[in-house]
There are 2 protein chains.
Amino acid sequence: MTKEASTKTRKPKRGQTREALMAAALDLVVKKAPFSSLSLREVTKRAGVVPTAFYRHFPDMSALGLTLLDESFRTLRQMMRQVRQEQTPDENMLRGSVETYFNYVRENRAHFLFVAKELFGGTPTMRNAIRREIRMFTNELAMDMARFPFLNHFSSEDLQMMAALVVNNVTALTQEMLELEESDEFGQQQVLIAAEKQLRLIFLGVTQWKSSQPSS
Amino acid sequence: MTKEASTKTRKPKRGQTREALMAAALDLVVKKAPFSSLSLREVTKRAGVVPTAFYRHFPDMSALGLTLLDESFRTLRQMMRQVRQEQTPDENMLRGSVETYFNYVRENRAHFLFVAKELFGGTPTMRNAIRREIRMFTNELAMDMARFPFLNHFSSEDLQMMAALVVNNVTALTQEMLELEESDEFGQQQVLIAAEKQLRLIFLGVTQWKSSQPSS
DNA sequence: GCTTTTTGTCAACATCTGTTCACTAAAAAA
DNA sequence: TTTTTTAGTGAACAGATGTTGACAAAAAGC
């Protein structure tokens, strides 16, 4: 597969140019600006390719962006599915899940940074795609919660509300973690501890919640 | 004040150009791109002024951005101070505060949109400025909470954690509200109701919280 | 009134942008 | 092998960008 050291390949970089473009874009997002303000020429330059070569792989920059977005969420979804299957519904499930998730965030820093910056700064198309994905996670979490014995007496609206609360916080904490330097292990540990505490507090609130019907 | 139809005022737009530039930038942020990807020429064009006139008021675009940021937070701080003084610490304080805050968000949509988009997409300088401001709000909230009789037995770390939880959620809900169309009154009402529920749930969690020292 | 400072205009620059077109080498298909 | 398709190069375009400098009108100071 990865056989490149040929005798005199002057021009063609084989089929890996497409991935080089994606990697270059991701790289620039990490250490410079949000994707929305990257230029086509910038990306091709970093990929070590002439500007016009871009069009052999993507119709325009926004297509690259959507591909990158897809890549980001495909691996995330996959991890979430795995976590959801492995876990058993008890107290220390929380700690485990939190730890697994944030480790994943650290290992995929670039993709998360990309998503975070586009969540508000991107084009409407991109923003909607991201929000749809987040909404999906929220729904799945709500469904998972519905299966717990001590939760299944809540209305689906209440469950939805609780799931949204959790997702909101995890999102915020993820952003907080992404703001830290990659080397700042202490800070990252702090965020992780804070995350666990906050989620446990939410959990306490849930156990006390009485689903007061929409009175007004 | 607004006297323009004079005999032959060809050039000078009086002293209001500076504000026209800021308004133009804010306008473009609302209906187009994040501030970071606005061009100087674009802004001056919308302000009805020639590009070079810009330099009479700001050294460069990032200076305009910081001014805009300052303006955004100055009025916000002022509102928060007012809310904090008026309120009395009881149950329905929550509903009132939430309503006041989100009404303010709606009335200052442009500024909040500006801040939201820069929170992740902006330059490091701008991001830090915003985060510092948010941290300040969190600290003040923690201090307010410390004055409540049923909360003052918590450690300051716990209070900080709780305040962060609240702020995280309000931030997320604000962003959610900003994503809605300005005309979507129903959706906005929904967010408001969700906000109140979520905060009440957090409140329940707080009453149950035992400041378990870092056991493990 | 005159003078100075402020605040706008216009022309011009070098640079960067997205995109086109014609071209060629390599890889795949025949 | 020959042929065709794929994937790269390079020159050139029209347009937008930030910034400069010299100039002129209004506002402010005197």
Side-chain angles (χ1 to χ4, degrees), chain A residues 1-25 28-29 32-68 121-123 125-126, chain B residues 1-25 27-29 31-68 121-123 125-126:
Chain A
M1 300 290 179
T2 42
K3 181 149 173 276
E4 71 287 3
S6 77
T7 52
K8 50 184 172 184
T9 51
R10 303 206 312 276
K11 292 180 187 170
K13 309 272 169 45
R14 293 291 303 287
Q16 72 234 38
T17 300
R18 184 188 159 96
E19 280 149 38
L21 287 170
M22 291 173 61
L28 288 169
V29 167
K32 229 207 75 180
F35 178 83
S36 345
S37 63
L38 292 186
S39 77
L40 184 149
R41 288 181 110 104
E42 230 175 344
V43 173
T44 55
K45 182 179 292 181
R46 183 168 219 91
V49 148
V50 96
T52 52
F54 184 91
Y55 296 100
R56 299 292 179 193
H57 303 276
F58 302 98
D60 54 28
M61 279 293 287
S62 86
L64 209 194
L66 289 177
T67 308
L68 232 32
T123 63
T125 311
M126 194 147 302
Chain B
M1 299 292 179
T2 41
K3 180 151 175 269
E4 72 286 4
S6 76
T7 52
K8 50 184 171 183
T9 51
R10 303 206 314 274
K11 292 177 185 175
K13 310 272 169 45
R14 293 293 304 287
Q16 72 236 37
T17 301
R18 183 186 159 99
E19 281 149 38
L21 287 169
M22 290 173 60
D27 213 53
L28 287 169
V29 166
K31 66 184 58 162
K32 228 207 75 178
F35 177 81
S36 343
S37 62
L38 292 187
S39 77
L40 184 149
R41 288 181 110 105
E42 228 175 345
V43 173
T44 55
K45 183 179 291 180
R46 182 167 220 92
V49 148
V50 96
T52 52
F54 184 92
Y55 297 101
R56 299 293 180 193
H57 304 277
F58 303 98
D60 54 27
M61 279 293 286
S62 85
L64 208 193
L66 289 177
T67 308
L68 232 32
T123 64
T125 312
M126 193 144 306

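Here is how names work: the chains are called A, B, and so on, in the same order as the sequence lines, proteins then strands, and each is numbered from 1.
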Specify the separation, in whole Å, of atom CG of A:L21 and atom P of D:dA7.
-> 12 Å
Under 4.0 Å between a side-chain N or O of A:H57 and OP1 or OP2 of D:dG8?
-> yes
Whole-Å distance, A:F54 CZ to D:dG8 P, equals 13 Å
Partner residues of A:K32 under the side chain to side chain donor-acceptor pair (under 3.5 Å) criterion, sequence neighbours left out | A:E42
Taking atom P of C:dT6 as reference, at what distance in whole Å does atom CD of B:Q16 sit?
-> 19 Å
For B:S36, the side chain to side chain donor-acceptor pair (under 3.5 Å) test, sequence neighbours excluded, returns B:E118
Separation of D:dT20 atom P from B:R56 atom CZ, nearest Å, is 12 Å
Short N/O separations, protein against nucleotides 16-19 of chain D, under 3.5 angstrom:
| residue | atom | partner | partner atom | Å |
| --- | --- | --- | --- | --- |
| D:dT17 | OP1 | B:S39 | OG | 2.8 |
| D:dG18 | OP1 | B:L40 | N | 2.8 |
| D:dG18 | OP2 | B:L40 | N | 3.2 |
| D:dG18 | OP2 | B:R41 | N | 3.1 |
| D:dG18 | N7 | B:R41 | NH1 | 2.5 |
| D:dG18 | O6 | B:R41 | NH1 | 2.9 |
| D:dT19 | OP2 | B:Y55 | OH | 3.0 |
| D:dT19 | O5' | B:Y55 | OH | 3.4 |

Could you go through residues 46-57 of chain B and list every donor-acceptor pair under 3.5 Å that involves a side-chain atom there, pairing it with any protein atom two or more places apart or in another chain?
| residue | atom | partner | partner atom | Å |
| --- | --- | --- | --- | --- |
| B:R46 | NE | B:D27 | OD2 | 2.9 |
| B:R46 | NH2 | B:D27 | OD2 | 3.4 |

For B:S37, check side chain to side chain donor-acceptor pair (under 3.5 Å) against everything at least two apart and list the hits.
-> none
How close or far is atom C1' of C:dT17 from atom CG of A:L28, stated in whole angstroms?
-> 15 Å
CZ of B:F58 to OG1 of B:T67: how many Å apart, nearest 0.5 Å?
-> 4.5 Å
Would you tabulate the side-chain donor-acceptor contacts of residues 59-66 of chain A under 3.5 Å, counting partners in other chains and residues two or more places apart, or write 'none'?
| residue | atom | partner | partner atom | Å |
| --- | --- | --- | --- | --- |
| A:D60 | OD1 | A:S62 | N | 3.3 |
| A:D60 | OD1 | A:S62 | OG | 3.2 |
| A:D60 | OD1 | A:A63 | N | 3.2 |

